[in-house]
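This report concerns only the one structure given below.
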2 protein chains.
Amino acid sequence: MSAVSTPEPTRRDQLLAIAAQLFAEKGFKNTTVRDIADAAGILSGSLYHHFDSKESMVDEILSTFQAELFGDYDEILASDEDARTKLERAVRVSFEAIDQHPHEVAIYQNEADHLGTFERFGYLADRNTQSRQVWVTLIEEGVRTGVLRPDLDVTLTYRFIRDTVWVAVRWYRPAQSRGGGHTHTEVADQYVRILLDGISS
Amino acid sequence: MSAVSTPEPTRRDQLLAIAAQLFAEKGFKNTTVRDIADAAGILSGSLYHHFDSKESMVDEILSTFQAELFGDYDEILASDEDARTKLERAVRVSFEAIDQHPHEVAIYQNEADHLGTFERFGYLADRNTQSRQVWVTLIEEGVRTGVLRPDLDVTLTYRFIRDTVWVAVRWYRPAQSRGGGHTHTEVADQYVRILLDGISS
DNA sequence: GTCTATATGTTGATAGAC
DNA sequence: GTCTATCAACATATAGAC
């Protein structure tokens, strides 16, 4: 989709995309600079012409992605729709992010806890707090306006939603490589339905 | 609870428990044999008196835990309760496993995909298939007997349940270290309610 | 922008003394 | 059952030629 508007990604961006895929598939620690260089068709030393360190690569991958994602969340929070619609939109935007940035989401899911313990990645903890505030705000607004059950444990509900949505990155495969699977929109439809109405008949 | 019935764990079991905690906290690759030896108060070379390799340690940790867990699942499948009760029990048994074996569950969640690519850990893929069969069987029985909605996408429903239940290991903290949190039974109660009836009012 | 060559540290694992 | 001592492999990163 957006490939048309960015016809010539810089060499730097190409390398970041290659690194993101490897970090997502094998893990950050498990991916060597040689792996990245090999996949790019250059030698490991050449990577250091573009980046300070392996760490700075994952840093740029994560911070760029998160800036975009939280821009979407902010827009939803600021809208004047009803709470149920906003919660639905937050779910849909998240599944869409998994569809369009699967590597970035996977890296965040797998490495954020560990990386967050280093000063350099302190912003990951901040974004985590911000994310919780987004979901909790939406759920509380839903309870207050009467569209959600009043007996909900808001924190637990937030955790269940966050977990189910984001861990989908482990099994969802984007359109290009999909064979008989669901689109991200279909997955979101099914989940929103189950979340709101349950599976009981 | 069970500490009374196993007063003297073998040195081998002590070392496995230490390794399991480190593997869960830092990841398998990220944990060095020196980390494990340090935590045990011995030197890295001494570990090789007890185990062939770091790999054999995680192997024993995972296979032991899975044998126990699937024993529980088999018992549920074989029972003559109605589908809804069996599904509830499967959820509860899973949250209980997170409570009692948090390190083992975390290791499986974080490392199974990667380890599963090696011959030695082929049983992880088998167990994964077995797990899917357990959940899908229970959901299909629920649909067939009319206790669950007939329009459910069984595979997606399975994935949502599996993900929400098991990823809880990332935030749930067992009783010893809990401060104002929920017991595993309370977490299971809340999730079963949301899963069956939804969050909508 | 990439390569050659290499520094420097860390890793899993081994052999044999105690 | 642990320690001493050590190896070979592999890791990230650097300096300077092309």
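Throughout, protein chains are lettered first and strands after them, A, B, ... in sequence-line order, and every chain is numbered starting at 1.
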Inset, instruction - Please confirm whether F65(A) and Y108(A) have ring centers closer than 6.0 angstrom. - result: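 No; Y108(A) has its ring centre 6.0 Å or more from that of F65(A).
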Inset, instruction - Kindly state whether the ring of F70(A) and the ring of Y73(A) have centres lying under 6.0 angstrom apart. - result: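 Between Y73(A) and F70(A), which both carry aromatic rings, the centre distance is below 6.0 Å.
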Inset, instruction - Would you indicate which nucleotide in dT4(C), dT4(D), dT12(D) comes nearest to any side-chain atom of L43(A)? - result: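 When the side chain of L43(A) is considered, dT4(C) is the closest of dT4(C), dT4(D), dT12(D).
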Inset, instruction - Report the nucleotide, chosen from dT11(C), dT2(C), dT2(D), that has the shortest atom-to-atom distance to any side-chain atom of I42(B). - result: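 It is dT2(D).
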Distance in angstrom units between [X] [atom1] and [N] [atom2], rounded:
X      : N       : atom1 : atom2 : answer
N30(A) : dT10(C) : CG    : C1'   : 15 Å
L47(A) : dT14(D) : CG    : P     : 13 Å
L15(B) : dG1(D)  : CG    : C1'   : 10 Å
K54(B) : dT14(C) : NZ    : C1'   : 17 Å
R34(B) : dT4(D)  : CZ    : C1'   : 13 Å
D52(B) : dG12(C) : CG    : P     : 15 Å
F51(B) : dG1(D)  : CZ    : P     : 11 Å
I36(A) : dA11(D) : CD1   : C1'   : 12 Å

Legend entry - Check: H50(A) main-chain N/O paired with R12(A) side-chain donor or acceptor under 3.5 Å: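 At least one qualifying donor-acceptor pair exists.
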Legend entry - Presence of donor-acceptor pair under 3.5 Å, side chain of R11(A) and base of dG1(C):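 Check fails, no donor-acceptor contact within cut-off.
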Taking 4.0 Å as the cut-off, does a side-chain nitrogen or oxygen of [X] come that near to OP1 or OP2 on [N]?
X      : N       : answer
Y48(B) : dT14(C) : no
S46(A) : dG1(C)  : no
S53(A) : dT12(D) : no
H49(A) : dT2(C)  : no

Inset, instruction - Using heavy atoms to find the nearest nucleotide of DNA chain D for D35(A) and G41(B) separately, return the residue whose nucleotide is more 5′. - result: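 Between the two, 5'-proximity favours G41(B).
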Legend entry - Gap between atom CG of L152(A) and atom CZ of R193(B) - 0.5 Å precision: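 Reported to 0.5 Å precision, the distance equals 8.5 Å.
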Inset, instruction - Look at all strands and tell whether T31(B) reaches a base, only sugar-phosphate, or nothing, counting heavy atoms closer than 4.0 Å. - result: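 Result for T31(B) = sugar-phosphate.
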Legend entry - Over 12 non-hydrogen atoms of neighbours within 6.0 angstrom of CG in D113(A):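 Result for CG/D113(A): open.
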